[in-house]
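Nothing here was measured: the structure is a model prediction, and the numbers come from that model.
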Amino acid sequence: MEISRDLSLQEKLHILADAAKYDVACTSSGVDRKGKTGYLGNSVAAGICHSFGSDGRCISLLKILLTNHCIYDCKYCMNRCSNDVKRAAFTPQEVCDLTMEFYKRNYIEGLFLSSGVQKNPAYTMEKMCETLYLLRNEYKFNGYIHVKAIPGAPDELLAAAGYLADRMSVNLELATAEGMKKLAPNKNHKAILRPMRMMTDTIAQHRLAIGKDARMERGKGNKYLPGSIFSSQRIEMQQETADQSTGLAQDNMLPVQFKKMDWNRAFSPAGQSTQMIIGATQETDYHLLKTSQHLYQNYDLKRVFYSAYVPLNEDKDLPAPGTPTPLLREHRLYQADWLLRFYGFQADELLSMDRPNFNEQLDPKCDWALRHLEQFPVEINTASFDVLLRVPGVGPKSAERIVKSRRFGRLDFNHLKKMGVVLKRAHYFITCSGQMMYHIPLEEQYITRQLIGTNQKENWQIAHSGDQNFRQMSLFTDFQVQV
């Protein structure tokens, strides 16, 4: 397995941009940095203006691997060392040139840089840090950068990357130790969680130093919702942990070549994220959601991403090539993840050991409501904000509008429709002045049939979107870029 040395820059870009498309953990929210004299680019708190392909993957960042050469043999990965694929590698200078030229032409608004493990984790992480250092200090690039941390790399290199990038991430990939041992024998959870913990503590230290809470900001009012995984008690406990920990940010740890850095920059100000693969192993939705909740609570992750496994590799331990990609299951896990982060739910409420998987034909909130019909119907004119949030078809904005509007008069179903309530789901679970929208039985099987019929077309489109040959956007064919 050798890296081709005679490839043009355009050929490298084709290979390494295509190799990066299976990594979905690349959002760019959470940074507020204005432009400054002598530098190119800026980042704002609302996030970079994204474009999304129909498969849900972000395409607004220059999303590439530094190299697709890898010493590991993870069975689910297209770039594993046992696969016969064309190998290429960028130099740090080439990544800088591509980023700057594409940014100037408004093709991209930031960089997402990952890599296979070439030689060893330390060597790979050093090359990535060198790339970011050149971008920030030689090219004066002030835009958004997301970089993947390589488990097993020295702490000083992780520290350097944290000061140079806006967001860092370490991919967990598989939720169980058994799955990791079976499909990725060169990796283990301890090696992955160690840098994740150190980054969490270092981010918390920097936030405390500038007078903020140790934990990352969440949606408005999340920590005040009863039962929220981001409760105030949990935040205080994490803040005490951050005060006692050492983290990564120690000046004397940094390599000599990275000493001349801007120490006024925050350490990974947009936080960190991770990715889990869905469908390569037999983990249940309950196990995946419990793992996500654990990561949010104990590692203060900004996001957990779920990537439906695309069966491309032939292996007895993997789904056979041609097996449908579990896109609808991925969609349901994203919806459930939002319920954890913004609606005050916990994993144990949504699923259990006895019922470990979602009904894929229903969104998770409907699935939960149907199993707790004793709590419904909810009276719109008297219910509290946190109770309204648990009604299918009612989101944070519409719940807030309901609470504010009913101070001036009683609400009916026409009012709710104007406020953004999705009545095709909500009308089974609510009353207005004691009256339901239609005379229907409050019975699980009946409502389940009605909801599945309502969502049938949408569910089919999600489940079969992989059959339509969606692709990652190409800077060449879509923008006629000349390299």
Euclidean distance, [Y] [atom2] relative to [X] [atom1], rounded to 0.5 Å:
X    : Y    : atom1 : atom2 : result
H287 : Q282 : NE2   : CD    : 13.0 Å
L158 : T202 : CG    : OG1   : 9.5 Å
K148 : T124 : NZ    : OG1   : 14.0 Å
M196 : M199 : CE    : CE    : 6.5 Å
S228 : L340 : OG    : CG    : 9.0 Å
L183 : D73  : CG    : CG    : 11.0 Å

For this session: Show your working on side chain to side chain contact (heavy atoms under 4.5 Å, CB included) between C74 and K187 and close with a plain yes or no.
Result: CA-CA 8 Å; C74 304; K187 299 179 180 179; 3.5 Å; yes

Would you name the heavy atoms of [X] and [Y] that are closest together and state the gap between them?
X    : Y    : value
A308 : L327 : CB-CD2, 4.1 Å
P311 : A320 : CB-O, 3.5 Å
L157 : C129 : O-SG, 3.2 Å
P356 : L351 : O-CD1, 3.6 Å
M168 : A161 : CE-CB, 3.8 Å
R87  : N68  : NH1-O, 2.6 Å

Say whether, by atom type as modelled, one donor and one acceptor occur between the side chain of [X] and the main chain of [Y] under 3.5 angstrom.
X    : Y    : value
T67  : H69  : yes
T274 : V170 : yes
R207 : R215 : yes
D18  : H14  : no
E94  : T91  : yes
S398 : G395 : yes
K63  : L111 : no
E11  : S8   : yes
N83  : V85  : no
K365 : V394 : yes

Exercise. Which is it for H206 and Y163 under the side chain to side chain contact (heavy atoms under 4.5 Å, CB included) test, yes or no, and what are the steps along the way?
Worked result: CA-CA 11 Å; H206 278 263; Y163 279 110; 3.0 Å; yes

For this session: Quick one: do R136 and D166 satisfy salt bridge (charged side-chain N to carboxylate O under 4.0 Å, His left out)? Show the steps, please.
Result: CA-CA 11 Å; R136 294 298 195 199; D166 295 295; 3.0 Å; yes

Would you indicate whether the side-chain heavy atoms of [Y] and [X] approach each other to under 4.5 Å?
X    : Y    : answer
L172 : Q275 : no
P396 : Y343 : yes
Q272 : T200 : yes
P319 : Y309 : yes
Y144 : R167 : yes
L164 : Y133 : yes
L328 : Q361 : yes
M276 : L288 : yes

Whether the [X] and [Y] side chains hold a donor-acceptor pair (N or O, under 3.5 Å, no angle test) is what I'd like checked.
X    : Y    : answer
R332 : N459 : yes
Y139 : D97  : yes
N313 : K75  : no
H146 : S169 : yes
Y296 : D337 : yes

Exercise. Are the aromatic rings of Y306 and Y334 close, with centres under 6.0 Å apart?
Worked result: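 Yes.
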
For this session: Establish, yes or no, whether a centroid distance under 6.0 Å links the rings of F358 and H331.
Result: no

Problem set entry | Of N186, T281, I192, the residue whose pairing with M180 passes side-chain contact (heavy atoms from CB on, under 4.5 Å) |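 Option passing the side-chain contact (heavy atoms from CB on, under 4.5 Å) with M180: I192.
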
For this session: Count the heavy atoms belonging to other residues, nucleotides or ligands that lie under 6.0 Å from CD of Q456, then report whether that count exceeds 12.
Result: no

Exercise. With a cut-off of 6.0 Å (strictly less than), are more than 12 heavy atoms of other residues, nucleotides or ligands near NZ of K140?
Worked result: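 Yes.
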
For this session: Evaluate the side-chain hydrogen bond (donor to acceptor under 3.5 Å, both in side chains) criterion for residues N357 and T284: first the C-alpha distance (whole Å), next the side-chain angles of each, then the deciding distance (0.1 Å), finally the verdict.
Result: CA-CA 6 Å; N357 292 302; T284 63; 4.9 Å; no

For this session: Evaluate salt bridge (charged side-chain N to carboxylate O under 4.0 Å, His left out) for D155 paired with R194, printing each intermediate quantity in order.
Result: CA-CA 10 Å; D155 291 348; R194 181 179 176 274; 3.1 Å; yes

For this session: List the steps and the verdict of side chain to side chain contact (heavy atoms under 4.5 Å, CB included) for L295 and L193.
Result: CA-CA 10 Å; L295 293 173; L193 294 175; 4.2 Å; yes

For this session: Compute both the distance and the angle, then confirm whether R303 meets the cation-pi test with F305: under 6.0 Å from the six-membered ring centre, within 45 degrees of the axis.
Result: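 Ring-cation test returns yes.
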
For this session: Establish, for the pair R197 and Y299, whether the NZ or CZ atom is under 6.0 angstrom from the six-membered ring centre and no further than 45 degrees off its axis.
Result: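 Yes.
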
Problem set entry | I145 vs L113, side chain to side chain contact (heavy atoms under 4.5 Å, CB included): CA-CA, chis, key distance, verdict | CA-CA 8 Å; I145 297 178; L113 183 63; 5.7 Å; no

Exercise. Should E101 and R105 be marked as a salt bridge (charged side-chain N to carboxylate O under 4.0 Å, His left out) after you check the CA-CA gap, both sets of side-chain angles, and the distance that decides it?
Worked result: CA-CA 6 Å; E101 293 303 317; R105 289 164 174 78; 2.6 Å; yes

